[in-house]
K.L.:
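Encoded as structure tokens, here's the structure I'll be asking about.
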Amino acid sequence: MIDFHFTEPSVVLAPSKHHGEAAIGNVDVTSQAIAALRDSLCGDADYERILLKAAAGAGKSYALRRMVDDALTAPECSRVGVTAFANKQVFPLALEIGKMLGKEKVCLLVAEDRLKDVPPATLEAATVVVSYKDCPPDAQVLLGTTHKLAGIARYLRALLGDASNGERLFDVLFVDEAWQLPLHRYRTIDRLAPIDVGVGDVGQLPPLDPSQNPWRGDPGYNPYRAWPTAYDEDVKTWAMEMPAVWRPTAAQLPVWRAFYAEWDDLNCVAGPGDRELVLDGVDGVAGALWNQVGTGVATLVEVEGLPDAEAPDVDLPLLSAVESLLDRLIGCGFSVKSTDYDAHGLPSDVFTLPAGEITDRTVIAVLATRNQAVDDAQDLVRRLTEKHSLPEGWMVASTVDSWQGQTNVLTVAVHPLSGASTLDVFNSAFGRLAVTCTRATHGLLLVSRAGLDDLLATASARPGTPLGEPGTRQLPRQTHRRILDAFARGRMHLPTETE
């Protein structure tokens, strides 16, 4: 890698709030959602759905727990359900709600073949059962995936009876990661309670590929879209946005705002300089790149001079360049500067830890949008893990869909449009790009083959939202340019054999 050119983001960070001033916005919105739920329970309001919209890393699960706790204090509420699409989302909720309310009041229902996956801490905090017959009769919170609850709801109702409303199993059904749940799955659980509360990231993806949708192109009905989008104009739906994010660095905020461009306000709890990667001895082009990423500014690097890829999802030359960059970073060592905050967003501690000593979370996540590319990335991770004797889970490779809801220190991702020739795929790739760019707490690096600007300038763009995706979309090229403007841009040149 002999040449490197770098430009700063063309979007200037507009005034924003940080620390407690930012966090109070989420507290206020959550309090309003709690008030709307209380009014609905006691009959002063006629809401059937309450939607708490969040950006990635907004602390939505904390808000959900607040709402569960408050709902159970109401005389009109004796039992609530908590659900999500996947066990990996339900298990942490069972842990935290169990710790909050007590083991005897919280019951997690799991399939027999998934019992082995329940973490020991969750087993300790909540009552965990395989059969609905073992559910404690006095349990106030029942948790399970949408598949699990849909399959056993009538049996639970026969066993436990109706909740306080006298007609349904639950008085309130809470749906975590609501925007990841497709409409056809929601239809199986939407009659379990008179009030449904959806909390989640509006940038999440339903788990099924929209390209498989038999209703493709029909704006009136798309069962694979996120279920809350079916109620955007419904008079019995209360909805509000949480205006702060806890996860990203302050320098990444322009990227978040690019994905949630229609929101009135979006701020970051982390302040400038609160989170950084501190490098030790990385020089040359790799040093320049990782020092830039370490500032917290989202960075996109296009690589020139690569041999042709076998296919857009089989690009070993590009992954080889990624492996070389990561090898230099890990080999020379780096540290992670972090800031802890109290529940009000006020900084409570600042510390710097060598990255190699971090064992409680993933440090580096290598993400791609297609399975074959991830298979190749997993080979990359295996080689680097063995070479540098990294702890298990310290560095992982994953598809973007599988990494939803996860968090890591540094994201290194292949851009979803790398090597593309048309923009037809952009509407479905948009959500994957959003997830890719919102997992990291400290550093974000996207890599791509050179040519994104040419693609945006020359490729025809399909207008509108032909797959019925949530949110307002501009033409793909305009949306993508807005996103790219929030990135620092670099271009690397790999010498060819003749050079």
Side-chain angles (χ1 to χ4, degrees), residues 30 34 37-38 41 52 59-165 168-178 189 192-193 195-200 342-343 360-361 405-407:
T30 303
I34 288 173
L37 178 57
R38 283 179 185 167
L41 284 169
L52 202 54
K60 54 189 175 293
S61 294
Y62 174 76
L64 184 146
R65 296 195 301 272
R66 273 192 64 196
M67 297 184 72
V68 168
D69 187 34
D70 189 88
L72 290 171
T73 65
E76 302 83 5
C77 183
S78 61
R79 187 191 304 136
V80 303
V82 179
T83 190
F85 181 78
N87 277 307
K88 66 181 180 181
Q89 297 154 346
V90 175
F91 290 172
L93 287 171
L95 169 63
E96 296 302 327
I97 295 175
K99 288 162 57 178
M100 178 176 68
L101 298 178
K103 184 172 185 175
E104 69 285 353
K105 294 183 179 180
V106 179
C107 180
L108 169 64
L109 298 112
V110 298
E112 186 173 3
D113 61 344
R114 298 304 302 272
L115 183 61
K116 64 182 184 302
D117 300 327
V118 181
T122 303
L123 292 170
E124 181 68 25
T127 302
V128 181
V129 302
V130 170
S131 172
Y132 73 93
K133 297 177 182 178
D134 297 325
C135 185
D138 296 328
Q140 292 182 300
V141 183
L142 306 184
L143 300 100
T145 64
T146 55
H147 288 77
K148 183 70 173 179
L149 290 186
I152 65 172
R154 60 174 176 164
Y155 304 109
L156 279 171
R157 187 180 177 195
L159 177 71
L160 303 177
D162 291 326
S164 290
N165 62 80
R168 310 281 179 88
L169 175 62
F170 304 119
D171 292 306
V172 186
L173 178 63
F174 292 88
V175 184
D176 193 31
E177 303 293 2
I189 59 168
L192 299 185
I195 306 169
D196 294 340
V197 177
V199 180
D342 64 17
D360 60 342
R361 56 180 170 147
Q406 308 299 306
T407 302

K.L.:
What heavy-atom pair brings Leu192 and Ala153 nearest, and what distance separates the two atoms?
P.N.:
CD2-CB, 3.5 Å
K.L.:
Could you grab the distance from atom CG of Asp176 to atom CZ of Phe85, nearest 0.5 Å is fine?
P.N.:
14.0 Å
K.L.:
Quick one: list whatever passes side chain to side chain contact (heavy atoms under 4.5 Å, CB included) with Arg65, sequence neighbours left out.
P.N.:
Ser61, Tyr62, Glu96, Ile97, Met100
K.L.:
Which heavy atom in Val128 sits nearest to a heavy atom in Thr122, and how many Å separate them?
P.N.:
CG2-O, 4.2 Å
K.L.:
Taking all non-hydrogen atoms of both residues, which atom of Val129 and which atom of Cys107 are closest, and how far apart?
P.N.:
CG2-SG, 3.6 Å
K.L.:
Could you pull out all residues at least two apart from Asp69 that satisfy side-chain hydrogen bond (donor to acceptor under 3.5 Å, both in side chains)?
P.N.:
none
K.L.:
So does Gly161 get a backbone contact from the side chain of Arg79, meaning a donor-acceptor N/O pair under 3.5 Å?
P.N.:
yes
K.L.:
In Å and rounded to the nearest 0.5 Å, what is the CD1 to CG distance from Ile189 to Leu169?
P.N.:
11.5 Å
K.L.:
On a heavy-atom basis, which atom in Leu52 and which in Ala63 lie closest, and how many Å separate them?
P.N.:
CD2-CB, 3.8 Å
K.L.:
Take Leu143 and Val106, measure what side-chain contact (heavy atoms from CB on, under 4.5 Å) needs, and give me the verdict at the end.
P.N.:
CA-CA 8 Å; Leu143 300 100; Val106 179; 3.4 Å; yes
K.L.:
Among all residues two or more places apart in sequence or in another chain, which pass the side-chain hydrogen bond (donor to acceptor under 3.5 Å, both in side chains) test with Gln140?
P.N.:
none
K.L.:
Is the number of heavy atoms from other residues, nucleotides or ligands under 6.0 Å of Arg361 CZ greater than 12?
P.N.:
yes
K.L.:
Step by step, would you call Val110 with Phe91 a side-chain contact (heavy atoms from CB on, under 4.5 Å)?
P.N.:
CA-CA 9 Å; Val110 298; Phe91 290 172; 3.6 Å; yes
K.L.:
For Arg114, give me all partners under side-chain hydrogen bond (donor to acceptor under 3.5 Å, both in side chains), at least two apart in sequence or on another chain.
P.N.:
Asp117
K.L.:
Determine the minimum heavy-atom distance between Cys135 and Leu142, stating which atoms define it.
P.N.:
SG-CD2, 3.4 Å
K.L.:
Could you give the distance from CZ (Phe170) to OG (Ser164), rounded to the nearest 0.5 Å?
P.N.:
13.0 Å
K.L.:
Has Glu104 got more than 12 heavy atoms of other residues, nucleotides or ligands less than 6.0 Å from its CD?
P.N.:
yes
K.L.:
Applying salt bridge (charged side-chain N to carboxylate O under 4.0 Å, His left out), can you list everything that pairs with Lys88, at least two apart in sequence or on another chain?
P.N.:
none
K.L.:
List the residues meeting side chain to side chain contact (heavy atoms under 4.5 Å, CB included) with Ser131, not counting sequence neighbours, and say none if there are none.
P.N.:
Lys133, Asp134
K.L.:
Can you give me the closest heavy-atom contact between Leu160 and Pro136, atom names plus distance?
P.N.:
CD2-O, 4.1 Å
K.L.:
Before accepting this row, confirm whether a basic side-chain N of the pair Arg157/Asp162 lies closer than 4.0 Å to the acidic partner's carboxylate O.
P.N.:
yes
K.L.:
Thr83 and side-chain contact (heavy atoms from CB on, under 4.5 Å): which partner among Leu93, Asp196, Leu149?
P.N.:
Leu149
K.L.:
Say you draw a straight line from OG1 of Thr127 to CG of Leu109; how long is it, rounded to the nearest 0.5 Å?
P.N.:
10.0 Å
K.L.:
With respect to Met67, which candidate in Leu72, Val172, Val197 satisfies the side-chain contact (heavy atoms from CB on, under 4.5 Å) definition?
P.N.:
Val197
K.L.:
Using the side-chain contact (heavy atoms from CB on, under 4.5 Å) rule, pick out the option among Val80, Asp171, Leu173, Leu37 that qualifies with Ile195.
P.N.:
Leu37
